[in-house]
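Numbering starts at 1 and runs along the sequence shown. Computed over heavy atoms, backbone and side chain alike; hydrogens, waters and symmetry mates excluded. Bear in mind the structure is a predicted one, so any value in this text is a computation, not a measurement. As the structure lists them, so they are numbered: ligands from 1, and atoms in each ligand from 1.
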Amino acid sequence: MKKILLTGGAGYIGAHTAVELIQKGFDVVLIDDFSKSDNSLLDGIEKITGKKINFVEGDCKDSTFLDQLFRKEKFDSVIHFAAYKSVNESVREPLMYYNNNLRSMTELLQVMGKYNVNEFIFSSSCTVYGQPDVIPVDETAPFKKAESPYGATKQMCERLLEDVAAANKNLKAISLRYFNPVGAHPSALIGELPIGVPNNLVPYVTQTAIGLREKLVIFGNNYQTPDGSCIRDFIHVVDLAQAHVKSIEKINEMPSNNEAFNLGTGEGVTVLSLVKKFIEVTNVNLNYEIGPRRTGDIEKVYANPTKAKDLLGWQTRLSLEESLRDAWRWEQKLANKPI
Ligand code: UDP
């Protein structure tokens with residue numbers, strides 16, 4: 001079985017992926033610098049899998065740390081989750097975002113080259129497309145000018161990977177373009193831990209429902225969509241995690257040594273209908289109102305996930321109802337309320 005390094009392994013998507021890989025019998029090493037996370041999800045991973053995890057605290061911009069780690073462990077593959085991901089923060093602190101997200105990428109690829117580790121999976125985002133001309137969007141769509149420094153780092157990392165893969169044919173690279181990951185593990189032992197006031201819709205919804213926030217504001221109801229609110233493709237984080245397992249399994253069967261895949265359900269859902277669905281699924285009285293548009297928001301985007309189905313043999317299985325139910329169970333667990 002392959003030995004796999006997960007950078008950012010203590011984060012939301014890293015932790016869910018660790019669970020799926022461990023349950024499939026892969027040998028997994030997690031690293032995290034805890035700059036945007038803490039060790040609470042690590043306990044959850046151990047509880048779900050019943051296995052002691054191999055975790056090392058460290059920063060993947062730190063070449064000495066990486067060198068020691070790669071010398072000790074004989075990795076087959078790297079899944080690179082570690083990155084800053086707040087759109088708002090990236091607008092306020094662009095240098096911090098470029099420095100962190102680009103440097104961790106170059107340092108990792110460098111150490112991989114030195115130790116002849118050739119399989120690399122990168123956490124990308126549908127933000128690379130901007131507002132696509134054709135929806136559902138497929139992987140051939142051009143990158144529009146990024147709406148934020150965060151989005152620009154994802155575009156730049158994909159470009160960087162393209163260049164490195166062109167120069168080194170031994171490298172096998174896959175970029176996974178996440179649409180909107182939501183939900184939590186059905187055990188409610190791991191889930192999302194937003195820092196401060198959440199920017200993302202579903203954590204804001206669950207925090208409002210539990211009473212941590214006064215009300216949810218829906219940003220705009222005059223878009224060109226059926227109910228006027230924005231359209232997104234909300235994907236259950238467990239489905240998303242399983243796509244990483246498939247990528248690890250299939251990485252040597254790809255048509256080229258650098259491929260990108262959309263990870264979405266293929267269904268566009270309006271913000272307002274998600275909110276209504278949450279109320280229906282949970283029976284919770286959610287205080288919400290319509291407010292002005294949020295600057296930089298894309299009107300509508302959802303995936304054409306056909307390529308992932310054809311080449312990775314992956315598709316989503318979990319519904320929006322399950323995502324919202326699991327997100328709510330996790331929020332209740334955090335608040336120590338009975339679920
Ligand atoms: N959204 C909202 N209220 C909030 C947070 C988000 O109406 O408090 C909307 C936002 O305008 C967007 C959608 O929910 O249309 C998804 O936003 P999120 O930030 O979760 O993801 P992204 O915009 O990056 O797709």
Under 3.5 Å, sequence neighbours excluded: what are the donor-acceptor pairs made by side chains of residues 141-148?
residue, atom, partner, partner atom, Å
K144, NZ, Q131, O, 2.9
K144, NZ, D133, OD1, 3.0
S148, OG, Y150, N, 3.4
S148, OG, G151, N, 3.0

Query raised in the report: Within 45 degrees of the axis of the six-membered ring of F261 and under 6.0 Å from its centre: does R177 put its NZ or CZ there?
Result: no

Report task. Let me know which of L6, I121, T7, L5 forms a side chain to side chain contact (heavy atoms under 4.5 Å, CB included) with H80. Result -> T7

Query raised in the report: If you count only heavy atoms, which residues are under 4.0 Å from ligand 1?
Result: N180, N199, N200, L201, Y204, L216, V217, I218, F219, C230, R232, V271, R294, D297

Distance-only check: which donor-acceptor pairs under 3.5 Å involve side-chain atoms of residues 45-52, not counting sequence neighbours?
residue, atom, partner, partner atom, Å
E46, OE2, K52, NZ, 3.3
E46, OE2, I53, N, 2.8
T49, OG1, I45, O, 2.8
T49, OG1, K51, N, 3.2

Query raised in the report: With side chains defined as the heavy atoms from C-beta onward, is the minimum distance between V117 and S77 less than 4.5 Å?
Result: no

Query - Those residues that, when tested against H185, pass ring-ring contact (aromatic ring centres under 6.0 Å, His included) (two or more places apart) - result: none

